[in-house]
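Below is one structure, written out as structure tokens; comments come after it.
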Amino acid sequence: MSPLPRGPAPARLLLPGAPALVAGHGRGVLLTPDGELLDLPAAELARALRDLPPPMLVHGPATARRLDLPAFDTCFDLLELFAFCMPARGAAPTPRGLAMALDLDPPKDDAAAAALLPEMATAMLRHLAARRGLPLNREAGALAAKLAEAAAWPWAPAVLAALGEDRAQASLAPLKVWRHLPDWEDPGPAQPPSSFAVLPNEARQRLGQMLGQEAEQRPQQADYASAASAAFTPREDRGAPHLVLAEAGTGTGKTLGYIAPASLWAERNGAPVWIATYTRNLQRQIDQELTRLYPDPEERRRRVVVRKGRENYLCLLNLEEMIGQAGHPDMAVPLGLVSRWALATRDGDLLGGDFPGWIVELHGPAAVWPLADRRGECIRSACPRYKQCFVEHSIRRARNATLVVANHALVMVQAALGGGDAKGGEDLRPLRYVFDEGHHLFDAADAAFSAALTGAETAGLRRWLLGAEGGRSRARGLRRRIEDLAGDIPGIADAHGGRAHRRPRPARPRLGDAAGRGPAGGEPAGGGGPGTPDARGRRPAAQSHRSLPPRHPPPGPGPRAGGGGAL
């Protein structure tokens, strides 16, 4: 008689026997496994930690810096557990911020925070256990086992116990998130939009609905909404749209003031209104303000779309290429946390949105920034992940949205391309715009339609074309790479100066060979080198699991949001 199939094991709560550590300025609070609470200067705290297991804390690098300690080799960082158990959820990277994200009472001091750390870990593991049957968590056990195998992730036993999968087999499959992402679909032809006006009193009423009855009365804000409604009246002459220029100080409520008539016009006429900003911070602020108008998350996702340049989004092709690094101890955990986030994210935005930016602080920019298309190498419809692409999803959602929150540069580039698909633009041209931070339009135009080339970039371009000059590097230039790729095609030799013979193909380097260094070997990141062509037709340098990807500098901070706004 064949044995009956075994169901999942019951979930268990397994907390590590670790001390809880909270850092202050030059001193810290330590809750030992025996329940002793110690408030010690940094020097004494360092001596106490030598005799204890790895600590439980929030933000390991920041904790070490505050206490003037070397980086922790191993620690139970609650931020990593939070990103695994509750992906795409926001939380400030402090004990207080984490407690608020978990709906717990914020600690009043460091001693209370240290006592609260085990309780926060318990809340996260219980959350994971209660939802282990959801599609999001079906491969979570295999992923945790992979992180334990590749990086000895300290939270893996607790996660596997909460999932009831203590014997889960390690696998790379959970990192291949595109298998579970939906394909985008092209919406049908949109109906021609109507041209109904928004009256001033209607804008005031919509503003009152968003603010609620208990909101502070601001007559200036209501007057602002009434004035902004003039921009949404039908034009009287072809090519002469209505324009409203408005200036308002910070804190006067101008965002909700123009959202009121803009949302009314879009709902009434069946066409989106594009709201353009100069900074990511203001984009995020507007997106948060729109929860007043559309509190239901599903309705809000359908009606509100945040649009940015491609360099802001997770590139699934880059993720696929970096999965080969998942066996490296320094790369396994960040790639695992990013894959968890990719299954739960609203729009795939790595630079803002719902991505926890402190993952970059915990594991370094080289683990995250290469996952975005920061070099303009998108191959569009030739990409094998094109149908699941986050950018393509946002483009199509924007066509049927009510409000699209974009940036000045994207709006101007689309206007320059003609807007319509038939003319090469990726979106249909909007009929109504709101330019917040309008005084930055000229700066945005300069940045969007100009190019800067540094000396380092010029040297990198020369190496990419000619190959390494001098030294012992075997990195090759563009001509030799093309010969390897297409040297057997008739006519290629003539095009390269009439050479009648091909140079013999060099031996393929092994994984981990010094020939596959990347930038250190004279080859720019993502350029050609030994190995087979990747999905973009490049010849990437061979990399082993022991080689980290090339470092990409994190984006610089954007300009500060201005106080004025223009419609």
Are F76 and W155 close enough that their ring centers fall under 6.0 Å?
yes

Before we go on, tell me: are the rings of W184 and Y386 under 6.0 Å apart, centre to centre?
yes

Under 3.5 Å, side chain of [X] to main-chain N/O of [Y], donor-acceptor pair present?
X: W358; Y: A91; result: yes
X: T345; Y: A342; result: no
X: Q283; Y: R307; result: yes
X: Q221; Y: G253; result: yes
X: D347; Y: D349; result: yes
X: K308; Y: R280; result: no
X: H180; Y: P174; result: no

Run the numbers on R268 and E202 for salt bridge (Lys or Arg N to Asp or Glu O under 4.0 Å), then give the verdict.
CA-CA 12 Å; R268 185 171 295 174; E202 294 175 329; 3.0 Å; yes

Applying side chain to side chain donor-acceptor pair (under 3.5 Å), can you list everything that pairs with R292, at least two apart in sequence or on another chain?
E289

Tell me every residue that passes side chain to side chain donor-acceptor pair (under 3.5 Å) with E457, counting only those two or more places apart in sequence or in another chain.
T454

Could you walk me through whether E392 and R396 pass salt bridge (Lys or Arg N to Asp or Glu O under 4.0 Å), step by step?
CA-CA 6 Å; E392 300 297 329; R396 285 151 183 83; 2.6 Å; yes

side-chain hydrogen bond (donor to acceptor under 3.5 Å, both in side chains): pairs with one or both residues in residues 75-99, sequence neighbours excluded:
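Sorted result for residues 75-99: E80-W153, E80-H363.
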
By side-chain contact (heavy atoms from CB on, under 4.5 Å), which residues pair with D223, not counting sequence neighbours?
R204

Will you find, in the side chains of [X] and [Y], an N or O donor that is under 3.5 Å from an N or O acceptor?
X: N318; Y: R374; answer: no
X: R397; Y: H393; answer: no
X: T291; Y: R300; answer: no

Paired with W341, the ring-ring contact (aromatic ring centres under 6.0 Å, His included) test is passed by just one of F355, F82, F84, namely F355

Among residues at least two apart in sequence or on other chains, which ones pass ring pair (Phe, Tyr, Trp, His ring centres under 6.0 Å) with Y313?
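With sequence neighbours excluded, Y313 shows a ring pair (Phe, Tyr, Trp, His ring centres under 6.0 Å) to no residue whatsoever.
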
Would you say that more than 12 heavy atoms from the other residues, nucleotides or ligands in this model lie under 6.0 Å from the CZ of F196, or not?
no

Is the NZ atom of K387 crowded by more than 12 outside heavy atoms at less than 6.0 Å?
yes

Show which side-chain atoms of residues 403-410 pair as donor or acceptor with protein atoms under 3.5 Å away, not counting sequence neighbours.
residue: N407; atom: OD1; partner: A409; partner atom: N; Å: 3.3
residue: N407; atom: OD1; partner: L410; partner atom: N; Å: 2.8
residue: H408; atom: ND1; partner: T277; partner atom: O; Å: 3.4
residue: H408; atom: NE2; partner: D436; partner atom: O; Å: 3.1
residue: H408; atom: NE2; partner: E437; partner atom: O; Å: 3.2

